[in-house]
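Below is one structure, written out as structure tokens; comments come after it.
Labels below follow one simple rule: chain letters A, B, ... track the order of the sequence lines, proteins then strands, and each chain is numbered from 1. Everything numeric in this text was worked out from a predicted model, so none of it was measured.
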Amino acid sequence: MSCEINIEATLFCGQSFAWTEEGGQYTAVLGDRVVCFDAQSLPSLLKEDKELAAYFDNDYDYPGAEKYLSLLDPHLERYIAEYRGLRILRQDPWEVLVSFILSQNNSIKRIRGLYRRLNETYGSEMAPGLYTFPRPEQLARADEDALRALGLGFRAPYVLDAVDQHRLLETIENLDDELGSLQLQRIAGVGPKVASCILLFGFGRRDVFPLDVWMKRIMSNLYPDKDPSFFSPHGGLAQQYLFHGYRDEYGRR
DNA sequence: GGCCAGGAGGCCT
DNA sequence: AGGCCTCATGGC
């Protein structure tokens with residue numbers, strides 16, 4: 001599918017904390033690869049780079065999904081018209097697990113800071129100032145005090161439990177959404193919301209609909225008589241548009 | 001501008 | 001139902 005991607009919304013709406021933008025250049029370390037592009041070069045890059053194409057979920061029919069959701073409901077129609085091109089990134093499950101443990105009771109800005117300090121402290125430097133997200137074995141060098149010193153607070157022991165149980169991620173692929181969620185919730189600091197983010201952003205479960213305080217607010221204000229199944233089979237994409245659109249309209253960044 | 005409370009994209013006990 | 005680390009944020 002070659003179609004327009006809303007790069008800003010996709011990379012900075014809170015799915016991933018890996019990206020930086022400077023002078024029109026978007027940069028991140030994906031796995032152990034430094035990836036850098038500008039808005040103009042992305043489409044051609046996706047054609048020749050299968051790995052990056054998979055990361056951007058480039059084979060999925062987004063125009064079709066956008067059309068479906070636009071016809072489903074006027075709120076979505078408006079938000080999709082405004083933010084068209086939002087993608088659900090297919091990220092590394094381990095990175096998503098830890099990132100979203102960090103996200104609880106926290107703001108995007110602070111999450112980015114914690115994420116960066118984890119990389120700088122426990123990751124590998126691929127280029128000057130550019131670090132990988134630490135693998136479980138690397139993060140295993142940490143103890144609770146060290147993680148608290150980085151500012152993780154009460155999330156520090158949760159991350160350590162995630163390190164201990166990281167092999168559990170290998171079992172998720174074979175489970176359906178509901179069982180996968182329950183399995184993920186065996187990790188400390190992972191409840192229903194964090195589990196749904198891991199399934200959506202780390203395992204490509206496109207119908208999962210993370211329900212955080214904002215989404216609960218949106219559901220009760222805009223869809224008082226509906227539940228997330230209303231958006232099926234595009235729950236995840238609907239959630240992203242609603243979250244992004246509603247917060248831009250009524251909330252803060 | 002600086003200071004200070006309450007809140008932040010949940011989860012645990 | 002309350003507490004939790006920490007700090008960016010908004011209200012004085």
Side-chain angles (χ1 to χ4, degrees), chain A residues 6 8-20 75 79 83 86-89 91 93 95-121 139 142-165 168 178 180-203 205-206 208-223 228 231 235-253:
Chain A
N6 185 338
E8 283 287 330
T10 298
L11 298 184
F12 300 108
C13 67
Q15 291 184 52
S16 164
F17 306 97
W19 292 91
T20 59
H75 302 297
Y79 290 147
Y83 296 106
L86 200 43
R87 295 285 178 96
I88 304 287
L89 298 172
Q91 303 177 63
E95 180 172 333
V96 178
L97 165 63
V98 176
S99 305
F100 281 85
I101 285 174
L102 300 182
S103 79
Q104 66 169 282
N105 218 161
N106 222 340
S107 65
I108 291 181
K109 180 153 190 173
R110 285 203 57 228
I111 300 163
R112 296 176 69 85
L114 297 177
Y115 176 95
R116 184 175 48 77
R117 290 198 284 281
L118 276 186
N119 286 357
E120 291 171 356
T121 310
L139 216 39
D143 60 21
E144 182 172 336
D145 286 343
L147 294 180
R148 281 181 181 267
L150 294 183
L152 271 72
F154 63 85
R155 305 165 196 84
Y158 300 164
V159 169
L160 293 178
D161 190 53
V163 171
D164 288 339
Q165 297 202 67
L168 180 150
E178 196 172 344
S181 174
L182 290 174
Q183 181 80 329
L184 288 167
Q185 288 179 55
R186 293 170 64 179
I187 299 169
V190 178
K193 192 271 178 180
V194 171
S196 62
C197 288
I198 300 167
L199 289 173
L200 180 60
F201 303 134
F203 289 95
R205 302 297 179 89
R206 295 194 182 87
V208 170
F209 192 92
L211 264 179
D212 51 45
V213 290
W214 279 94
M215 285 311 302
K216 287 174 184 168
R217 208 172 294 164
I218 292 168
M219 289 305 289
S220 66
N221 288 345
L222 302 185
Y223 304 96
F231 306 104
L237 192 61
Q239 193 266 8
Q240 285 297 294
Y241 275 108
L242 290 170
F243 184 80
H244 205 62
Y246 190 88
R247 276 175 59 102
D248 215 35
E249 196 168 7
Y250 300 105
R252 55 177 99 90
R253 314 290 302 158

Does [Y] offer a backbone N or O that forms a donor-acceptor pair with the side chain of [X] under 3.5 Å?
{"X": "A:N106", "Y": "A:I111", "result": "no"}
{"X": "A:T121", "Y": "A:L118", "result": "no"}
{"X": "A:Q15", "Y": "A:R87", "result": "yes"}

Please check if the number of heavy atoms outside A:R186 that lie under 6.0 Å from its CZ is greater than 12.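 Open: at most 12 neighbouring heavy atoms sit under 6.0 Å from CZ of A:R186.
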Distance, [atom1] atom - from [M] to [N], rounded to whole angstrom:
{"N": "C:dA8", "M": "B:dC11", "atom1": "P", "answer": "23 Å"}
{"N": "C:dG2", "M": "B:dG9", "atom1": "P", "answer": "22 Å"}
{"N": "B:dG7", "M": "C:dC12", "atom1": "P", "answer": "13 Å"}

How close do A:Q91 and A:V96 get, heavy atom to heavy atom, and via which atoms?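 Looks like CB-CG2, 3.6 Å.
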Under a plain distance cut-off of 3.5 Å, with no hydrogens placed, do A:Y79 and A:E249 share a side-chain donor-acceptor pair?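 Side chains of A:E249 and A:Y79: pair found under 3.5 Å.
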Take the protein atom [atom1] of [X] and the nucleotide atom [atom2] of [N], then report the distance between them rounded to whole Å.
{"X": "A:R112", "N": "B:dA8", "atom1": "CZ", "atom2": "C1'", "value": "16 Å"}
{"X": "A:R110", "N": "C:dC4", "atom1": "CZ", "atom2": "C1'", "value": "12 Å"}
{"X": "A:L102", "N": "C:dA8", "atom1": "CG", "atom2": "C1'", "value": "17 Å"}
{"X": "A:F243", "N": "B:dA8", "atom1": "CZ", "atom2": "P", "value": "11 Å"}
{"X": "A:Y246", "N": "B:dG9", "atom1": "OH", "atom2": "P", "value": "14 Å"}
{"X": "A:L114", "N": "C:dT6", "atom1": "CG", "atom2": "P", "value": "11 Å"}
{"X": "A:I108", "N": "C:dT9", "atom1": "CD1", "atom2": "P", "value": "11 Å"}
{"X": "A:K109", "N": "C:dC5", "atom1": "NZ", "atom2": "P", "value": "24 Å"}

When you check the phosphate oxygens OP1 and OP2 of C:dC4, does a side-chain N or O of A:R155 lie under 4.0 Å from one of them?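 False: A:R155 side-chain N/O out of range (4.0 Å or more) of C:dC4 OP1/OP2.
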Please name all residues satisfying side-chain contact (heavy atoms from CB on, under 4.5 Å) with A:A156, sequence neighbours left out, ordered by chain then number.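 So A:A156 forms a side-chain contact (heavy atoms from CB on, under 4.5 Å) with A:E144, A:L147, A:R148, A:L152.
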Counting the benzene-type ring for Trp, do A:Y241 and A:F231 have ring centres under 6.0 Å apart?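 Aromatic pair excluded; centres sit 6.0 Å or further apart.
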Identify, with sequence neighbours excluded, every residue that meets side-chain hydrogen bond (donor to acceptor under 3.5 Å, both in side chains) alongside A:Y158.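 Partners of A:Y158 under the side-chain hydrogen bond (donor to acceptor under 3.5 Å, both in side chains) test: none.
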Check: A:D212 and A:Q239 side chains under 4.5 Å, non-hydrogen atoms: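 Answer yes - side chains close enough.
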Worked check of ring pair (Phe, Tyr, Trp, His ring centres under 6.0 Å) between A:F17 and A:F100: CA-CA 10 Å; A:F17 306 97; A:F100 281 85; 5.7 Å; yes
Range-with-range stems for DNA chain C, at least three Watson-Crick or G-U pairs under 3.5 Å: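 B:2-5 with C:9-12, B:10-13 with C:1-4 - these are the stems of 3 or more pairs that involve DNA chain C.
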Contact list (N/O, under 3.5 angstrom) for nucleotides 10-13 of chain B vs protein:
| from | atom 1 | to | atom 2 | distance (Å) |
| --- | --- | --- | --- | --- |
| B:dG10 | O6 | A:N105 | OD1 | 3.4 |
| B:dG10 | N1 | A:N105 | OD1 | 2.9 |
| B:dG10 | N2 | A:Q104 | OE1 | 3.4 |
| B:dG10 | N3 | A:Q104 | OE1 | 3.1 |
| B:dC11 | OP1 | A:G191 | N | 2.7 |
| B:dC11 | OP1 | A:G191 | O | 3.1 |
| B:dC11 | OP1 | A:K193 | N | 3.4 |
| B:dC11 | OP1 | A:V194 | N | 2.9 |
| B:dC11 | OP2 | A:K193 | N | 3.4 |
| B:dC11 | O4' | A:Q104 | OE1 | 3.1 |
| B:dC12 | OP1 | A:G189 | N | 3.1 |

Show me the donor-acceptor pairs, under 3.5 Å and distance only, between side chains in residues 190-201 of chain A and residues at least two apart or in other chains.
| from | atom 1 | to | atom 2 | distance (Å) |
| --- | --- | --- | --- | --- |
| A:S196 | OG | A:P192 | O | 3.3 |
| A:S196 | OG | A:K193 | O | 2.7 |

Protein-nucleotides 1-6 of chain B N/O pairs closer than 3.5 Å?
none

Touch check for A:R148, heavy atoms < 4.0 angstrom, all strands: base, sugar-phosphate only, or nothing?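 Since only primed, P, OP1 and OP2 atoms lie under 4.0 Å of A:R148, the category is sugar-phosphate.
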